[in-house]
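These numbers come from the heavy atoms of this one structure, side chains and all, not from hydrogens, waters or symmetry mates. Just so it is clear: chains get the letters A, B, ... in the order the sequence lines come, proteins before strands, and each one is counted from 1. These numbers were taken from a predicted model, which means no experiment stands behind them.
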Protein chains: 2
Amino acid sequence: MSPVSVPMPTLPVRAEVASQFALLADPLRLKIVEALSREQLCTCHLVDITGARQTAISNHLRLLREAGAVVSEPEGRYTWYRLVPGAFTEALRALSGFAHDGPDAAHLRPACATPVG
Amino acid sequence: MSPVSVPMPTLPVRAEVASQFALLADPLRLKIVEALSREQLCTCHLVDITGARQTAISNHLRLLREAGAVVSEPEGRYTWYRLVPGAFTEALRALSGFAHDGPDAAHLRPACATPVG
DNA sequence: GTGTGATGTCAGCAAGCGCTGATGAGTCAG
DNA sequence: CTGACTCATCAGCGCTTGCTGACATCACAC
């Protein structure tokens, strides 16, 4: 049994990490997350910043909210949004593992052809 | 500062960063990238690791190859794939900016109502 | 040369996703 | 109360994406 057969011990919940990446995979949503990482904003701000329609912003905010990436705080007729601090921690950890240059690992080549048949 | 009116000076090419995140947004592709970050592998390995069909693996590898995230090296009847070291650098940088806890920025609330209207 | 195995590519299908317009709830000013 | 404004939700549409099966290509063993 080569290390190939070992079923990925690094990430505990790959689907969750993939979901975090999926949240950042859309340019508009990335723009929203980027803006919210700097300061709290309400929907009207995000509409102004991104230039997108209010409904589109609201849809993306709902996705982010349901995923636990942002929290909403209604205040009067405005609703303030802010980024949850540890929302993308697992994604960052996974990506850090990928992005680090692995010169040794890059040359590893496990046995390929199945030995018996 | 009035970051609301400034149209996002942080990331130069948001669409490209979003594309890098999109590459990691699929669980199967994430599994492939994770495996290739540790060692070079050929398609038969990835089929064995992921349990997916060969055509699905090949499709995902083609996406990763076209995006410049992996490189292929045919050798005999096998094709070795390895991760390009700096493939996700920009995504990592963007995510690092998001993930860092910003206690001060989290309390900033720019003026909301349009001044003149 | 022939057979087997590994790999890439193509067309087709189903599902998910993002945008839009319309609508309704809630809030503030007059 | 009425009007203006902010925001969320819904249904609908189009596009993209991922998976599958079928087929073609290439390399190795005999």
Side-chain angles (χ1 to χ4, degrees), chain A residues 4 14-15 18-33 36 40-67 70-82 109-117, chain B residues 4 14-15 18-33 36 40-67 70-82 109-117:
Chain A
V4 175
R14 209 181 331 277
S19 301
Q20 292 185 6
F21 282 126
L23 288 177
L24 304 171
D26 184 79
L28 179 53
R29 219 151 47 217
L30 184 59
K31 207 169 185 175
I32 293 174
V33 171
L36 290 179
Q40 296 189 40
L41 294 170
C42 66
T43 309
C44 62
H45 286 146
L46 291 170
V47 170
D48 184 32
I49 290 175
T50 62
R53 303 295 182 89
Q54 181 265 328
T55 52
I57 298 291
S58 186
N59 283 330
H60 286 298
L61 284 174
R62 181 164 54 97
L63 283 181
L64 292 169
R65 201 189 328 138
E66 290 176 355
V70 305
V71 291
S72 63
E73 182 182 355
E75 179 180 310
R77 62 173 160 176
Y78 303 108
T79 301
W80 293 95
Y81 282 89
R82 66 179 185 85
R109 281 191 177 180
C112 189
T114 55
V116 178
Chain B
V4 175
R14 209 180 332 276
S19 300
Q20 291 185 6
F21 283 126
L23 288 178
L24 304 171
D26 183 79
L28 179 53
R29 222 156 39 222
L30 184 59
K31 206 168 186 176
I32 292 174
V33 171
L36 290 179
Q40 295 189 41
L41 294 170
C42 67
T43 309
C44 61
H45 287 144
L46 292 169
V47 170
D48 185 31
I49 290 174
T50 62
R53 302 294 183 87
Q54 181 267 328
T55 51
I57 298 291
S58 185
N59 283 330
H60 285 297
L61 284 173
R62 183 162 55 94
L63 283 180
L64 292 170
R65 202 189 327 137
E66 290 176 355
V70 305
V71 290
S72 62
E73 182 183 354
E75 179 180 310
R77 62 173 159 177
Y78 302 108
T79 302
W80 293 94
Y81 284 89
R82 66 179 185 85
R109 282 192 177 180
C112 189
T114 56
V116 179

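Straight-line distance from the CH2 atom of A:Trp80 to the C1' atom of D:dT6: 12 Å, rounded to whole Å. Separating the CD1 atom of A:Ile57 from the C1' atom of D:dC7 is a distance of 12 Å, rounded to the nearest angstrom. Residue B:Leu23 contributes atom CG, which lies 17 Å from atom P of D:dT16 at whole-angstrom precision. Between the OH atom of B:Tyr78 and the P atom of C:dG8 there is a distance of 13 Å, given to the nearest Å. Computed from coordinates, the A:Asp48 CG to D:dC5 P distance equals 16 Å when rounded to whole Å. As rounded to whole Å, 8 Å separates atom C1' of D:dA8 from atom CZ of A:Arg65. What separates CG of A:Leu61 from P of D:dT9 is a distance of 10 Å, to the nearest Å.
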Contact state string [nucleotides 15-30 of chain C, B base, S sugar-phosphate only, - no protein heavy atom under 4.0 Å]:
---SSBBB----SS--
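With hydrogens and angles ignored, the 3.5 Å screen pairs a side-chain donor or acceptor of A:Arg29 with a backbone N or O of A:Leu23. The main-chain N or O of B:Thr55 is found under 3.5 Å from a side-chain atom of B:Asn59 such that the two form a donor-acceptor pair.
Dashed line: the shortest gap from a side-chain N or O of B:Tyr81 to OP1 or OP2 of C:dG8 is under 4.0 Å.
Closest heavy-atom contact between B:Cys42 and B:Trp80: N-CE3, 3.8 Å.
Judged as a salt bridge (Lys or Arg N to Asp or Glu O under 4.0 Å), the pairs with a partner in residues 51-66 of chain A (not counting sequence neighbours) are, in order, A:Arg62-A:Glu66.
Atoms OH and NE2, from B:Tyr78 and B:His45 in turn, are 8.5 Å apart once rounded to the nearest 0.5 Å.
Annotation: side-chain hydrogen bond (donor to acceptor under 3.5 Å, both in side chains) contacts of A:Gln54 (sequence neighbours excluded): none.
Nucleic acid contact class of A:Ser58 (heavy atoms, under 4.0 Å, all strands): base.
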